[in-house]
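These values consider heavy atoms only, across backbone and side chains, with no hydrogens, waters or symmetry-generated copies.
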Amino acid sequence: MNMIELEINGIPVSVKPGTSLIAAAKQVGVKIPTLCFHHDLEPWAACGICVVKVEGSPKMLRACATAAGPGMKVITHDPEIVNVRRTVLELILSTHPNDCLQCSRNRNCELQTLSEEFGIREVPFEKRLRDLPADTSTTSIVLDPEKCIACGRCAKVCQDMQGVWALEFIGRGEKTRMAPAADVSLDESPCIKCGQCSAHCPVGAIYEKDQTREVWKAIEENKKHCVVQIAPAVRVAIGEAFGYEPGALLTGQLYTALRRLGFDAVFDTNFTADLTIIEEGSEFVKRVTEGGVLPQITSCCPAWTDYMEKYATDFIPNFSSAKSPQQMLGAMAKTYYAQKAGIDPKDMYVVSIMPCTAKKFEVGRCETMGASGFQDVDVALTTRELARMIKQAGIDFKNLPEEQPDSILAEYSGAGTIFGVTGGVMEAALRSAYFLITNEDLKDVNFMDVRGMKGVKAAEVDIKGTKIRVAVAHQMGNVETLLNQIREAKAKGEEPPFHFIEVMACRGGCIGGGGQPHGATDEIRAKRTAGIYTDDEKSVRRCSHHNPMIKKIYEDFLGKPLGHKAHELLHTEYQERKVYKK
Amino acid sequence: MAYKNYILVCAGTACESNKGKALYEALEKEIKAAGVDAEAQLVKTGCFGFCEQGPIVKILPDESFYVKVGPKDAHEIIAEHIVKGRKVERLLYKENKAENDPRSNDISFYRKQLRIVLRNCAVINPEIIDEYIARDGYAALEKALFDMTPDSVVKEVSDSGLRGRGGAGFPTGRKWLFTKNTPADQKYIVCNADEGDPGAYMDRSVLEGDPHSVLEAMTIAGYAVGASKGFIYIRAEYPLAIERLNTAMAQSREYGLLGEKILGTDFSFDIEIRLGAGAFVCGEETALLASIEGNRGMPVPRPPFPAVKGLWGKPTVINNVETYANIPVILLKGAKWFSSIGTETSKGTKVFALTGKINNSGLIEVPMGTTLRDIIYDIGGGIANGKKFKAAQTGGPSGGCITEEFLDTPIDYETLQAIGSMMGSGGMIVMDEDDCMIDVTKFYLEFTVDESCGKCAPCRIGGRTCYNILDRISKGKGQPDDLQKLKDIGHSMRKASLCGLGQTAPNPFMSTMKYFEEEYRAHIEDKKCPAGKCKDLLSYSIDEVKCVGCTACARKCPVSCISGEVKKLHVIDQSKCIKCGQCFTACKFDAVKKG
Amino acid sequence: MAKLTLNDLRKLRDETKRNMSQRSTEGKRAEVVIGMGTCGIAAGAKAVFDAFLDEMSKAGIEDVTIKQTGCMGLCFSEPTVEVICNDMPHVVYGNVDDKTARRIVREHLAGKALVSDHIFDKPSTDIIKNAGK
């Protein structure tokens with residue numbers, strides 16, 4: 001390939017065609033400051049912080065949006081450039097509140113970091129703040145327009161990455177802000193609560209609804225029996241709040257921390273992930289052998305379910321009726337576990353720790369979320385909230401010993417843990433579907449074709465002669481093409497192109513969830529993903545149907561998969577919802 | 001029966017004040033004396049726009065143009081010209097020009113304007129296509145389709161030296177060449193008719209008066225670069241222009257001059273109109289394209305330029321209305337002819353909307369290189385009401401002001417930029433001693449602040465911060481470091497704004513701070529407005545000595561804040577005074593002081 | 001009208017050119033051209049148009065055409081009207097109101113005398129007329 005030769009501050013550098021000046025500078029140890037830029041998005045070129053001088057151009061160019069050209073001579077830092085950047089930063093600071101000490105992004109804020117790097121000591125311009133109230137209308141996300149610096153990331157994420165279009169630029173000039181079209185509340189908009197906006201916001205303008213106080217209260221109340229479950233994706237990301245490398249597998253320490261926080265029982269969502277596979281796998285086999293609606297589509301992602309109930313109601317019959325692992329565990333905790341432990345379910349408080357903001361919506365999604373007779377899951381907290389609780393409680397996470405969970409609802413197989421990554425649910429399902437169809441076990445349980453960061457992955461699996469075509473999509477914006485393929489085939493009266501589809505709303509799957517520690521890029525997602533597959537590989541049992549606690553729960557309590565009790569407690573329904581409530 | 005001769009005497013303000021009246025009366029006497037009142041009609045006219053050479057007398061039908069005529073010349077004019085039919089050579093206007101000057105036939109010897117873009121305006125009925133055709137309309141398209149190749153069309157436009165008339169002045173031929181040379185399955189021709197500068201209406205006049213010139217030019221452009229589709233993006237605030245364009249397109253399509261297989265060739269080209277919705281920023285080319293695509297009008301960084309990657313990612317030529325209006329003439333009369341007009345770097349003419357404190361405000365078209373002095377004092381008839389010239393603003397809210405010392409600058413793209421202004425789209429606003437530069441700057445900045453799209457921080461935030469500083473200054477609350485703050489923010493806006501709106505928004509205050517620093521200091525340090533415009537710095541008071549107690553001021557005062565008995569000194573209550581100035585105008589004794 | 005071929009277009013052009021220069025289409029001897037751009041209309045050009053029609057019908061003048069056109073550039077003197085008579089000099093009138101329009105019909109069109117105080121000069125020569133020279 002023809003490389004491009006250019007100079008950055010007199011230093012020669014050689015890059016591939018299409019490389020931005022930011023990346024080219026990074027190659028030679030030069031860091032051009034940025035603010036609105038994000039690796040997940042096309043350069044938006046708004047803030048004006050990354051301006052550089054390029055010989056021959058009378059204007060300063062934005063390094064994020066300028067591709068390296070042959071023979072370019074770039075100056076990234078000189079007194080004039082730094083002064084221009086500083087003035088732009090001061091202008092931005094003049095419209096931002098000085099609330100750092102009380103802000104959810106204190107010490108984790110990109111604007112704070114820039115101000116520190118520039119050595120800002122005073123802002124010479126008059127302060128002008130937006131006098132608008134926060135939008136707390138949804139269960140999951142808070143929009144705080146006062147802190148918004150109009151970088152545009154949230155709108156671009158919601159539109160281009162997620163394809164939801166709940167956020168838009170409204171107003172003009174200094175009145176520009178990010179809000180749903182027609183300025184309706186977020187709850188009245190198409191928002192699917194995936195939280196990707198909050199994950200990309202550089203400052204404290206969009207954040208998860210903090211429910212830690214409720215949880216503290218429940219824990220302190222002696223009468224309440226508090227139990228907690230953790231999702232697979234949490235264990236490989238929680239470490240980032242405590243100085244670990246992304247992807248560090250910290251399951252044992254998590255269990256310890258949760259006990260020390262005061263929870264009476266520590267469970268693991270990976271257990272009910274295995275349970276989901278049994279139910280959903282059985283459902284799939286039933287559809288295939290009895291001519292049910294195909295393709296079957298996974299339903300464990302609540303943002304995806306919300307999207308479908310708004311934008312793709314023609315697929316309601318395709319959705320697996322199985323609940324998500326979070327909801328299954330809540331139902332089992334307040335029935336099966338309550339019975340076994342002799343606890344009155346009305347005194348039980350179930351908390352889940354999720355990488356996800358939509359899970360806060362899922363706990364009250366519809367009536368079946370109270371199958372136990374009480375709200376099955378009382379509160380869903382995000383990974384970020386858990387990190388704050390651990391810090392508040394004086395728990396020195398790094399120095400914790402590892403402990404075991406309460407195995408009744410915590411023992412898991414490798415198939416359960418890979419739920420946290422894109423392709424994981426599919427792979428887990430295939431491992432058990434093989435057994436359910438052939439009554440034999442696979443020799444090699446790894447399905448490499450469904451792994452990886454490609455937006456839509458397709459594969460064909462040969463289950464002893466029966467060819468099953470599967471597709472896996474992640475990042476909500478990628479789903480529409482897949483759905484249209486199916487719609488087209490249906491319209492033409494052809495066989496569906498796929499039998500089984502997995503969809504996750506967040507890029508990379510749950511490890512890239514909207515409630516995870518900030519700063520996720522593909523590099524970090526890859527590391528978290530590697531952590532999950534390590535957890536799978538070192539598991540004693542790799543398939544859900546091999547999990548002894550799963551066998552036990554059916555023997556002792558549920559009866560058989562898709563049976564009456566299972567149906568009552570572990571399955572749900574879907575409805576049509578309006579895209580815009582107004 | 002018609003008269004044999006008509007004697008026109010200019011009665012414009014300048015000529016009148018220069019013995020015009022006496023001249024008229026002298027001629028009247030001479031006509032009577034010579035007994036030719038049945039043969040020669042003496043008429044007064046409005047301003048001929050050649051005021052430096054006034055008083056003017058014009059004889060029709062032979063079109064003799066006499067300059068610097070005095071009452072004493074009346075006898076000779078009547079006796080020699082009217083009676084004997086012999087022109088009075090010494091009074092005739094002669095322009096100093098070279099013998100072989102190719103311009104001598106086309107540039108009228110006294111009319112400083114040269115209407116190329118406006119050639120058909122006020123000549124044809126724009127709603128009748130046949131009239132356009134009769135004036136060589138669509139002959140350029142004929143020539144392009146049947147006698148020229150796309151390459152030769154592009155070359156002709158390049159050789160002409162035509163530069164974009166929207167304000168940036170990019171060589172049009174080069175733009176077309178980039179588009180032509182970028183391979184694609186679809187290309188577009190876009191006409192920027194958004195014309196958002198306050199006070200600019202050049203494009204509107206062309207579209208209302210000669211819409212076919214733009215249609216023909218766009219079709220030629222399509223042929224030259226290989227595009228089959230065009231869009232005219234026109235602001236919705238121009239309903240008459242939109243109507244005339246639609247009529248023109250319908251008639252053009254009927255005749256097969258637009259649409260499928262034009263004039264029976266294989267070349268097809270059609271145009272669609274897209275309306276703007278009240279955003280000045282959509283005049284910026286990338287924001288305009290975003291708007292056509294159905295997105296919010298926000299600019300994107302360039303490169304890539306629209307010529308290579310424009311509408312829906314395809315190569316797109318986007319030019320201003322005035323640029324297009326030049327194209328048919330360039331093809332018919334040739335690049336050599338066109339490039340013989342204007343200056344070394346700026347060829348052809350420019351249409352200006354001359355407005356403000358000037359006698360003859362209007363739409364003018366002059367060759368590049370015409371001086372500001374000629375425009376203001378000749379064509380424009382000088383400053384209205386006998387006031388003194390203070391500055392001229394070109395380029396609208398993106399431009400800077402030109403002061404007296406630069407009046408003799410020949411106008412072209414480079415010279416205007418060198419003195420801190422810019423050509424812009426053609427707005428030219430003349431200011432006199434009663435205009436306050438801070439007030440004018442505030443007006444422009446208020447506009448750009450309101451129209452800022454809000455995408456980039458320097459423009460969105462910096463514009464408003466600067467406006468608020470200027471507002472404080474105009475209200476007597478200026479601070480010593482305000483000028484430095486304006487300079488710092490202005491510099492950052494110029495360097496770090498994403499598009500031309502933000503990059504040029506500081507021009508009004510950067511240029512006025514440079515040329516009118518004393519006026520700024522007066523406001524900031526002395527809390528005074530020398531021009532008497534900034535209300536908060538103005539106060540009216542009554543002179544103890546001059547006041548005779550006539551009560552005229554008290555009666556006029558709309559807020560009844562003047563007290564005083566008849567024949568006694570009157571006093572203005574400063575706390576209630578709204579600075580309307582009615583008392584000042586009412587007082588016949590010069591007793592009300594303004595300061 | 002059907003789609004034109006190259007020859008059709010050229011024929012149409014020559015024909016119309018001739019007609020316009022002779023000004024003998026349908027036996028008209030004069031043309032009154034009224035500036036009807038937005039500025040003209042805003043200054044009252046529509047009322048002026050009506051005044052001409054009315055006064056001409058009152059005076060029994062039938063061989064004069066009235067037509068609309070675009071902006072002449074003399075915006076400070078809108079409404080502007082150009083009067084083109086076969087046997088009189090071409091003149092541009094400015095600041096034309098209802099009264100002046102009627103004076104033009106009576107004094108200029110009928111009486112062959114120019115109307116004083118309203119005459120302005122055309123800003124430049126016609127580059128199309130001088131084409132080729």
### Query
Quick one: what part of C:Gln68 sits under 4.5 Å from any heavy atom of chain B, side chain, backbone, both or neither?
both
### Query
Under the side-chain contact (heavy atoms from CB on, under 4.5 Å) criterion, do C:Ile128 and B:Val123 qualify, and how do the steps go?
CA-CA 11 Å; C:Ile128 305 282; B:Val123 181; over 6 Å; no
### Query
Can you tell which of B:Ile124, B:Val206, B:Asp62, B:Ile379 has the highest number of heavy-atom pairs within less than 4.5 Å of chain C?
B:Ile124
### Query
Can you check side-chain contact (heavy atoms from CB on, under 4.5 Å) on B:Asn125 and C:Met36, steps first, answer last?
CA-CA 9 Å; B:Asn125 182 339; C:Met36 305 264 274; over 6 Å; no
### Query
Taking B:Lys44, B:Arg119, B:Arg253, B:Arg244 one by one, which has the highest count of heavy-atom pairs under 4.5 Å against chain C?
B:Lys44
### Task
Against chain C, label B:Ala139 side chain, backbone, both or neither, depending on which of its atoms sit under 4.5 Å from a heavy atom there.
both
### Query
Backbone N or O of B:Ala122 within a donor-acceptor pair of the C:Thr69 side chain at under 3.5 Å?
yes
### Query
Any sub-3.5 Å donor-acceptor pair from B:Glu208's side-chain atoms to C:Thr38's backbone N or O?
yes
### side-chain contact (heavy atoms from CB on, under 4.5 Å) between B:Tyr138 and C:Leu4, intermediate numbers included
CA-CA 12 Å; B:Tyr138 290 105; C:Leu4 304 174; over 6 Å; no
### Task
Check each atom of C:Ile41 against the heavy atoms of chain B and say whether the ones under 4.5 Å are side chain, backbone, both or neither.
side chain
### Task
Select one option (side chain, backbone, both, neither) describing which atoms of C:Val115 are under 4.5 Å from chain B's heavy atoms.
backbone
### Query
Do the non-hydrogen side-chain atoms of B:Lys261 and C:Lys3 ever get within less than 4.5 Å of each other?
no
